[in-house]
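Down below is the structure, laid out as structure tokens.
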Amino acid sequence: ITTLCGCYCFVVAETLFPMITLDELIYYCTVAILITEGYNNILCSYHMVYENSYSIKKLLICNGLKIHEYYIGNMIADYIINFPVQIPLFLGLFATMKLLIVDSVVSTAQIFLFCFTLLMWKFSFIVVNYFYSFIFIRTNFVTRNFCVLYLCVSGICLAASRYVPILFYFNDFVYCINILNSFHLIETRLLEIVLVPIFQVIFYFTLIQIYEHHSITHNYLANFRSDKSLESTERQTLIKEEINTAKKNKEVSRRNSLKVRIKRLKKMYGGDTLSLNLSSLKLNRKDCIGLIGPNGAGKSTFFNVLISEIKKSGGLIMFGNNPNEVPFYKFTFAVCLQKNSLWVDLTVRDHFEFYCKLIGVRDRVFKRSLIEYFDLEKFMNYKIFQLTDGNMRKVCIALSLLRKPDFILYDEATTGIDIVNCHNIQMLIKDIQRKFGSILILTTHLMREVEFLCQEIGVLYEGEFALHDSIDASKKVFS
């Protein structure tokens, strides 16, 4: 509506001031369209930042989604949403122009090419929005600053394009202005109209893939590679131990050789504040450990370092029975974060259908039984923001258990859930962990939960193990 009103103002101005040429009118209308589009399409970047800040994208990747599939799917969805709005807008604009502008001759072909140009530009505009989304950390920053950022960058590129014509091929704003600034020649520039947006989509999509590959592969792998904090003798000993174990288990399946190895793990903030300092931790198949401790003891920090939500400062983390330090996303994980990683505007049913399609769950009986077990049948048509915190936690846990996990990582997963459902969830987690031989790592404040689910207990205090022993041994010492 804003775009159409702005363009109509220019059309009326042309009728009042005949000295304005058709090309100038098209130019000003295009500027109005691009300015309002920069504001109206904040959502293209908003949901990317939202899914990043709430770790939804990380959970999708843990559940098997490829990063290029994630962006292509979003681009197609955003374009489909915008498409029905654009066509009536442009056709209505030109219908008004033909009625009001008597002296100008606007052919049907020119109208079609004008609409086609803006529709092609929409592809590159959406991908550029995704590229800009990496600048923002929180969603409120997007709503406040995205339009300003887009217009500033586009304005600078537009001004610089007079001296650096190559910007025509790299900036979507400059492309659209350049094409429509010479409206009377639009029929001769059909090749540019088609090829330049395609080039921009490929260019920015490639940049996004490089950045994501770096953050997912390089940064994640960095969390599982030894560094200078490990002495060379310790590193060699650990690698030799893993190689010998791998040789012994050559005929054993991958699931039977699951393990986690942690050595001198450290996390520091600000260069001098030590938040986590674990000397050693070893977990094998079917092992369960519960981490407890006061607030700020380092439980969530350990959990986030383990899944590479944050990057470690030193030490070694190794998943699996492979001396080459296979990163966590190569395995099947059931992850439930401390915050609810859900889309607030989607229903519970939407979440289950999406995750089942993503993971490849075709067993409807299993899905239905899981929903009934978590007592979620009456909430299936509720949107997430309509649920209580306890029911949100149940949805998160249920979604995480749709897979057959190698590792179960729960960070205070049952917080806010009533005692009956909490007990049922603990029973289900225990059954799944035993059935699939998963490794369970649990952070909680509930001693009963640790005693029921885990074989080992780790008490964290100021980032270090104040106690790390079996449940039975701890009971004998502390009664």
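Keep in mind the model is a prediction, meaning the values are calculated, not measured. These values consider heavy atoms only, across backbone and side chains, with no hydrogens, waters or symmetry-generated copies. In this chain, residues are counted from 1 in sequence order.
- Glu412 and Thr443 are not linked by any side-chain donor-acceptor pair at a separation below 3.5 angstrom, with hydrogens and angles left out of the test.
- Between the side chains of Gln209 and Tyr71, no donor N or O sits under 3.5 Å from an acceptor N or O.
- The closest side-chain heavy-atom distance from Met75 to Phe205 is not below 4.5 Å.
- The aromatic rings of Tyr382 and Phe379 sit perpendicular to each other, their planes meeting at more than 60°, with 30° as the lower class boundary.
- Between Ala160 and Leu167 the shortest heavy-atom distance is CB-CD1, 3.7 Å.
- Side-chain atoms of Gln386 come within 3.5 Å of backbone atoms of Lys383 as a donor-acceptor pair (strictly under, hydrogens ignored).
- Taking CZ of Phe136 as the reference point, atom CE of Met48 lies at 14.0 Å (rounded to 0.5 Å).
- Within the 3.5 Å criterion, the main-chain N or O of Ser53 finds a donor-acceptor partner in the side chain of Lys339.
- For the 3.5 Å distance criterion, the side chains of Ser400 and Tyr410 qualify, holding a donor opposite an acceptor.
- When side chains are defined from C-beta on, Val127 does not count as touching Phe203, because their heavy atoms never get closer than 4.5 Å.
- Between the side chain of His445 and the backbone N or O of Pro294 there is no donor-acceptor pair closer than 3.5 Å.
- Between the Ser438 side chain and the Leu440 main chain, no donor and acceptor come within less than 3.5 Å of each other.
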Begin with the C-alpha distance, continue with both residues' side-chain angles, and end with the deciding distance and a verdict on side chain to side chain contact (heavy atoms under 4.5 Å, CB included) for Ile292 and Leu460. CA-CA 6 Å; Ile292 63 172; Leu460 284 172; over 6 Å; no
Check the pair Met380, Phe352 against side chain to side chain contact (heavy atoms under 4.5 Å, CB included), reporting the backbone distance first and the verdict last. CA-CA 9 Å; Met380 292 303 288; Phe352 273 94; 4.1 Å; yes
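- Of the inter-residue distances, the one linking Glu449 atom CD with Thr444 atom OG1 reads 4.0 Å to the nearest 0.5 angstrom.
- Considering CD1 of Ile425 and CD1 of Ile417, their distance stands at 3.5 Å, rounded to 0.5 Å.
- Here the side chains of Thr414 and Leu446 are in contact, with some heavy-atom distance below 4.5 Å.
- The number of heavy-atom neighbours closer than 6.0 Å to CZ of Phe168, taken from other residues, nucleotides and ligands shown, is above 12.
- Ile384 has its side chain out of reach of Asp345: every pair of non-hydrogen atoms, C-beta onward, lies at least 4.5 Å apart.
- Residues Cys336 and Cys396 approach most closely at SG-CB, 3.9 Å, considering heavy atoms.
- A 6.0 Å sphere centred on CD1 of Ile198 holds more than 12 heavy atoms belonging to other residues, nucleotides or ligands.
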Decide yes or no on side chain to side chain contact (heavy atoms under 4.5 Å, CB included) for Leu409 and Ile439, but give the supporting numbers first. CA-CA 8 Å; Leu409 305 179; Ile439 294 175; over 6 Å; no
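- Phe131 CZ: 12 or fewer foreign heavy atoms inside a 6.0 Å radius.
- With hydrogens and angles ignored, the 3.5 Å screen pairs a side-chain donor or acceptor of Arg393 with a backbone N or O of Ala413.
- Considering every non-hydrogen atom in both Arg349 and Asn381, the closest pair reads NE-OD1, 3.1 Å.
- In terms of heavy-atom proximity, Gly458 sits nearest to Phe465 at CA-CE2, 3.7 Å.
- Between Glu212 and Lys57 the shortest side-chain heavy-atom distance falls below 4.5 Å.
- Looking at Val128 and Asn171, their side chains never come closer than 4.5 Å, going by heavy atoms from C-beta outward.
- Although no hydrogens or angles enter the test, the distance criterion places no donor-acceptor pair under 3.5 Å between the side chain of Asn52 and the main chain of Val49.
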Show your working on side chain to side chain contact (heavy atoms under 4.5 Å, CB included) between Ile441 and Phe302 and close with a plain yes or no. CA-CA 10 Å; Ile441 301 176; Phe302 170 74; 4.1 Å; yes
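- Atoms CG and OH, on Leu207 and Tyr130 in that order, are 16.0 Å from each other to the nearest 0.5 Å.
- Here the side chain of Lys299 pairs a donor or acceptor atom with the backbone of Gly293 at under 3.5 angstrom.
- Ring pair Trp121/Phe125 is tilted by interplanar angle, where 30° to 60° counts as tilted.
- Closest heavy-atom contact between Ile56 and Ser341: CG1-C, 3.7 Å.
- With no hydrogens or angles considered, a side-chain donor-acceptor pair links Ser300 and Asp411 at under 3.5 Å.
- Heavy-atom neighbours of Phe385 CZ from other residues, nucleotides or ligands within 6.0 Å: above the threshold of 12.
- Annotation: the span from Asn129 atom CG to Asn74 atom CG amounts to 12.0 Å, rounded to 0.5 Å.
- In this structure a side-chain-to-backbone donor-acceptor pair under 3.5 Å is missing from Ser124 to Gln200.
- Relative ring orientation between Phe354 and Trp343 is described as perpendicular, the plane-to-plane angle rising above 60° on a 0-90° scale split at 30° and 60°.
- Annotation for Tyr355 and Leu402: closest pair CB-CD1, 3.8 Å, computed over non-hydrogen atoms.
- Side-chain polar atoms of Tyr204 and Asp172 form no donor-acceptor pair below 3.5 angstrom.
- Using a 4.5 Å cut-off on side-chain heavy atoms (C-beta onward), Pro405 and Ile432 make contact.
- The distance from atom CG of Leu65 to atom CD1 of Ile67, rounded to the nearest 0.5 Å, is 7.0 Å.
- At least one side-chain heavy atom of Thr347 sits under 4.5 Å from a side-chain heavy atom of Asp350.
- Using cut-offs of 30° and 60° for the angle between ring planes, the Tyr169 and Phe199 rings count as perpendicular.
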